[in-house]
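One structure is given below, encoded as structure tokens.
Note that the structure is predicted; figures quoted are calculated from it, not measured.
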Amino acid sequence: MKPQLFTNVRIFDGEGTQPFPGEVLLEGNRIKTVAKGGGISRDGVEVIDGGGNTLMPGLTEAHSHITFTNIGKLKELGEIPQEEHTLLTLEFAKLLLDSGFTSLYSAASAKMRTEVVVRNAINAGRFPGPRIRAASPEITATGGLGDERQDHMYHTGIELIADGADAVRTTVRRCIREGVDTVKINISGDNFVRRKFGRECSYTEAEVAAAAEECHSRGTWLSCHARANGAVKLALKHNFRVIYHCDFIEGETFDLLEAAKDDIFLAPAIGIIYTTAYEAEPWGITKAVADHMEMYTMLENCSKTYGELRKRGMRILPGGDYGFAWNPLGTNARDLEHFVNIIGFTPAEALSAATKLGGQIMDMPDLGLIKEGYLADLLLVRGNPVENVKILQDRDNLIMIMKDGAYHKRPGASAEAVQRQKQVVSVWQ
């Protein structure tokens, strides 16, 4: 392919500043030149007229669950056979790329090797999809978030049950053996299980320490579900890389997080809280049920907690537990709007969190910016998302999607072609 020259574009480079008019030249899978105002030679290049639209980096989903197939209950995931589940995951991986997400950092796979296999297939070029940091299933204690078993009937969902330090070690070793990039531990409970459970730890320090020792000794990343204040402290003490939620932190925990801000990433996962509070009534979660689950308290806490953490310079990324029936995959860009309306980010800051910080959480120092030498993960967006981040929620507004220098959607391609892609939500469809 000839070098590609994008002209007549408004460039949002990912740094969080206002877009500027200019031109961008690509060679191979890299950005060769970024010229404010323009002036790049047209010799030997293919010129793409951007029509005055916005050229920006591809988005990163920092709390990805592409194996969560828009289910109503976690145990439904255990009922999907592995083969069908892999095909569904490939469908949803493509949907996320169709939605402008060129990178996914997983917050857990529903089954052990599903994300590993899909990651490898995408990397080999056999299927379209974002680059993926594949995760383990959610490692949880008996009675913790994800334990779907009952004494009178066996269920399974997304979990690997491990009780006691030795069992945790064995489980973590198994996950690493099977090729995951990151291991997920559910240190705290969750109000989706029972009232106030999100304020409690479901693992002991000895169990958390065992998981951390195994991962650190083998060079594998650690992430955690940690709503409780004590759970966040344990994650910090044992050097977890990604801490999700942080809903009920207080006191010195803010200072402890700030002290570790260069070593950790945070993602509040606002999406699932918001839709459970306001949009889940068709699935039986009425306003009264949502209030009993403390969804409105958690939204209020999210605004206060992450407003404060933002002021302290923490690396906070969008990603909202998409993959439930009332919070479906493909709507992930809503979290950008939540960052603006609930936490107080400017639109440019929210976009930077999903692009520049996305490259950092993916551990790819040449990803997430429109900058010379960086990978060509690019979106051409109709309009200006810095003025209105909501436009990224409409896939019709994505005129062009490029990952690693290759077009997934070429400029001028019919937007309807993406819209017509069927969202498979059942193994029988």
Side-chain angles (χ1 to χ4, degrees), residues 6 9-22 24 34 36 50-64 96 98-103 105 265-275 278 299 302-320 322 327 330-362 367-371 374 377-402:
F6 288 88
V9 290
R10 180 192 300 115
I11 300 169
F12 175 77
D13 62 8
E15 292 284 6
T17 55
Q18 290 298 308
F20 55 87
V24 176
V34 180
K36 289 187 177 182
N53 292 297
T54 302
L55 190 70
M56 62 174 287
L59 301 170
T60 295
E61 162 65 76
H63 192 130
S64 168
L96 266 290
D98 291 341
S99 304
F101 289 87
T102 57
S103 297
Y105 192 94
F265 298 90
L266 306 178
I270 306 174
I272 189 63
I273 305 173
Y274 184 89
T275 54
Y278 295 112
L299 276 177
C302 190
S303 177
K304 294 177 181 176
T305 296
Y306 280 94
E308 174 62 24
L309 292 172
R310 169 177 168 262
K311 293 176 185 175
R312 293 176 180 236
M314 304 299 300
R315 294 187 290 187
I316 306 166
L317 288 82
Y322 294 89
N327 196 49
T331 64
N332 305 58
R334 289 189 75 182
D335 251 47
L336 296 166
E337 183 184 3
H338 295 324
F339 266 46
V340 173
N341 293 340
I342 295 173
I343 302 180
F345 277 56
T346 67
E349 288 171 338
L351 291 167
S352 183
T355 55
K356 178 180 180 178
L357 295 186
Q360 293 177 19
I361 198 172
M362 294 295 289
L367 179 71
L369 296 174
I370 296 182
K371 186 175 180 180
Y374 271 57
D377 275 29
L378 300 171
L379 308 177
L380 184 62
V381 181
R382 183 176 291 108
N384 184 358
V386 175
E387 293 179 353
N388 180 11
V389 293
K390 289 180 68 173
I391 66 176
L392 289 169
Q393 296 175 32
D394 184 348
R395 287 189 287 277
D396 271 355
N397 289 326
L398 301 180
I399 300 167
M400 183 272 291
I401 301 168
M402 175 180 281

Check whether any side-chain heavy atom of [X] sits under 4.5 Å from a side-chain heavy atom of [Y], and report yes or no.
X	Y	value
F12	V381	no
I270	L299	yes
L380	M402	no
I11	V24	yes
L369	E15	yes
L392	L351	yes
R334	Y322	yes
P268	I342	no

- Quick check: does any side chain N or O of D98 sit under 3.5 Å from a backbone N or O of R395, one acting as donor and the other as acceptor? no
- Message: Whether the side chain of S64 engages the backbone of Y105 through a donor-acceptor N/O pair (distance < 3.5 Å, no angle test) should be reported.
- Response: no
Roughly how far apart are [X] [atom1] and [Y] [atom2], rounded to 0.5 Å?
X	Y	atom1	atom2	value
M362	L367	CE	CG	7.0 Å
N397	K390	CG	NZ	12.0 Å
I316	L309	CD1	CG	5.5 Å

- Message: Assess whether a salt bridge exists between R312 and E308, defined as any Lys/Arg side-chain N lying under 4.0 Å from an Asp/Glu carboxylate O.
- Response: yes
- Message: Please identify which of these residues, T355, D377, T60, meets the side-chain hydrogen bond (donor to acceptor under 3.5 Å, both in side chains) condition with T102.
- Response: D377
- Message: Going by side chain to side chain contact (heavy atoms under 4.5 Å, CB included), name the residues that satisfy it together with K36, two or more places apart in sequence or in a different chain.
- Response: F20
